[in-house]
Amino acid sequence: MSRSSFPSPVSRRSFLAAAGAVSLGAALAACGSGTSSGSSSAAKTVSQSDIDKAMATPTTITFWTWAPNIQDEVALFQKKYPAIKVNVVNAGQGAAQYTKLRTALQAGTGAPDVCQIEYQYIPTFTITDSLVDLRPYGASALQGKFVDWVWGQVSGANGEVWAIPQDTGPMGLLYRKDIFDQHGIQVPTTWDEFATAARKLHAADPNVYLTNMAANEPAGWQGLMWQAGAYPYVMAGKSSIAVNTDDAASQKVAAYWGALAKAGVISTDPDFTDDWYAGFNKGKYATWITAAWGPAFLSGSAAATTGKWRAAPLPQWDPAKPSSGNWGGSTSAVIKGTGHAIAAAMFAQFLNSDPQSAAMLASKQSFFPATKALLADPAFAGQTPAFYGGQKVNQVFADISGTVDPKFDWPPFLDQVVTDWTETVGKSLADRTDSVAALAQWQSRITTYAKGQGFTVQGS
Amino acid sequence: MTTLPAPAAPAGRRSARSRQSAAGPLFVAPFMLLFVLLFLAPLGYAAYLSLFQHKLIGGTSFVGLDNYTKALQDPQFLHGVLRVVLFFLIQVPVMLLLALLFALALDSGLLRLAKVVRLGIFVPYAVPSIVATLMWGYLYGPDFGPFAQFSRHFQLPQPHFLSSSWMLGSLANIVTWEFVGYNMIILYAALRTIPGDLYEAASVDGAGAWRTAWSIKLPALRPALTMCLLFSIIGSFQLFNEPKLLQAIAPSVIDSGYTATLYGYSLAFTGQQVNYAATVSFLLGLVIVIVSYTFLLTANRRRTP
């Protein structure tokens, strides 16, 4: 313990500190190399003979996905194209995978050929010119196979096809029939009825909430904005964006949920946490406003409540014009810089549009389909899971899928937008403060960020 | 023949010395190489990065010290730094006091099952901080966590571990749990090095257990305590794992700028503002160096008289 031994840990630790901090920076460093030129190079169709040749040439492509056991579907592809080997890699789920993908893209090496990307993240990767337009590889021909609004989600401003849809999440309502029956609550068809039921239920049983509006779930919230007819992010060209997260439709949503949260008749617990799962199993929440992947997810997470749940469409703002939004679902995109664009594009298309593969995605992975054929298929829509008392839950959501507005779009910097939501609107719900005022803060934060990133921002 | 060895010996000695002087740098080389590659190069690169700005539209441009002036006026960054200072002021005294008490108790030899106690207190340090935080996150659960269930069962007021007013304390509790054992071991080891004749002299002089602790053990612990404090300063300023993980269960309390390191992480990975993140990291590093150095200076000055 001599005196001279003290400075050494200082310098080493502070170097470590700085080096650690730097390594995050270094990982994303090569920003300067990102191309910022316009992307709309004319789509030149690849000839069938080129495709045949490429598909007969021994090739290995890498596919990043977090879908469980997708090797089964991959095997179908490899059976049809024995020359192509698909290397499936799980690089993490959602944000974790995107961080790795960005790092690889900026490093210029290590990026996959095909990558799972959620709908809402497509603009985040097209703004950096990182996705391959799939039109030259025959993707346009697939348009008719997919649900219209879903195809809208993968289409670019100039008609590009940025990815092939894999699964979707049109939003609906799962509810506890037993709790509803016990308290004489009818399934609400409008948001007004829903609010009345929320007050009634919580007054009758203070331990139960009609629903939980998670204060950390911007994706679900944006789905509700979508349903209400908001167009929060509208790109005009590549560098101009209109931010309307504070428009009339959004304010309607914020005022509604803000009032319920303030009254304390709904809970605002963060979702996908231990307490939240326990809440479902122990009957704290009487409904879950969720997406079409919700039914399968819930039956795996709240086994204690088997047979007590039912599904219904979302309550409506205007019952004459039923509508819904989308929450979740993924696509397969081909990453720019791939040396095997043809094989990669053919794989992305086969995986999601081949009838056998698509059907397997629905049955094995419990993915909610993106194709019209499957949504209409009695083998899918006619299933009667016991968790929902034999109700044809898939049929309910298949019908909802037809009511989703096809014009909703996403911003090219989604990570920032959703973080800002949690710190403004989400926080207002949890703290029971003014959610409409929080909406204005959200808008101003997004605007500041967008301007700082060089965008021209229209709107308030 | 007899004259030969005489000149040869100095020559041999000289060559040995030159071999020695060649060996020195050679031995240091592997370290220096890694040091430059893994520490200095990234540091220099971060400094370089912090002078630029990258925009999604418009690409990268040189902005000089703009990022630094921006950071020094950035309320999120400043609040993050202030919060860890507050954390340090609350958590570290509690932790070191506990560590000191345990170390003295173990050293006193009066404890039964001393080995079991020592191991028990040290074990949390062996638990990775990620696992520890996940575990505490479960215990803190506002509805179905054991504390909440217990207090509900006995109709006691419910604890709000994850509320904004409790959060810093809840974090401090986790960090204290993790690091008391580590600090205790350092202090205990220092106590074991005190020569036994000092104790004998003390007992001859009629000093009791408390007097011995105060006049012999505590002064002897001073260097070890200085080191523990120094590590704690650095650890506090780098608070990251615990808030990052608790963010998932308390998203409206722990925002992206809750601590300074968390802010740097959010800037880099949420906002894609790598250059600004490098600036913030650099400034944080500077704060740590200044605080640690000031602490060492004052600690050393007090010890000299």
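Letters go in sequence order (proteins before strands), and every chain restarts at 1.
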Taking every heavy atom of B:Leu56 against every heavy atom of A:Pro412, the minimum-distance pair comes out as CD1-O, 4.2 Å
Would you check if the side chain of A:Glu423 reaches a backbone N or O of B:Asp255 as a donor-acceptor pair within less than 3.5 Å? no
For B:Phe269 versus A:Asp415, what's the shortest heavy-atom pair and its separation? O-OD2, 4.2 Å
Side chain, backbone, both or neither of A:Asp420 within contact of chain B (heavy atoms, under 4.5 Å): neither
What's the shortest heavy-atom distance between B:Ala248 and A:Pro270, and which atoms? O-CB, 3.7 Å
Heavy-atom distances under 4.5 Å only: say whether A:Asp274 touches chain B with side chain, backbone, both or neither. side chain
Using 0.5 Å steps for rounding, measure from the NZ atom of B:Lys55 to the NZ atom of A:Lys451. 12.0 Å
B:Gln247 portion near chain A, given a 4.5 angstrom heavy-atom threshold: neither
Please check: side-chain N/O of A:Asp275 versus main-chain N/O of B:Asp143, any donor-acceptor pairing under 3.5 Å? yes
Over all heavy atoms of both residues, which pair between B:Gln272 and A:Arg102 is shortest? Give the atoms and the distance, please. NE2-NH1, 2.9 Å
Using a cut-off of under 4.5 Å for heavy-atom pairs, which of A:Trp276, A:Phe413, A:Tyr449, A:Tyr98 has the most such pairs with chain B? A:Tyr449
Going by side chain to side chain contact (heavy atoms under 4.5 Å, CB included), name the residues that satisfy it together with B:Pro146, two or more places apart in sequence or in a different chain. B:Tyr138, B:Leu139
Which pair of heavy atoms, one from B:Pro251 and one from A:Asn216, lies closest together, and at what distance? CG-CB, 3.3 Å
More than 12 foreign heavy atoms under 6.0 Å from OH of B:Tyr48: is that the case here? no
Point-to-point distance, once rounded to the nearest 0.5 Å, from OG1 of B:Thr270 to CG of A:Leu414: 11.0 Å
Could you look at A:Thr419 and say if it's the side chain, the backbone, both or neither that has a heavy atom under 4.5 Å from chain B? side chain
Listed once per pair and sorted, the salt bridge (charged side-chain N to carboxylate O under 4.0 Å, His left out) pairs that draw on residues 427-437 of chain A, sequence neighbours left out: A:Lys427-A:Asp431
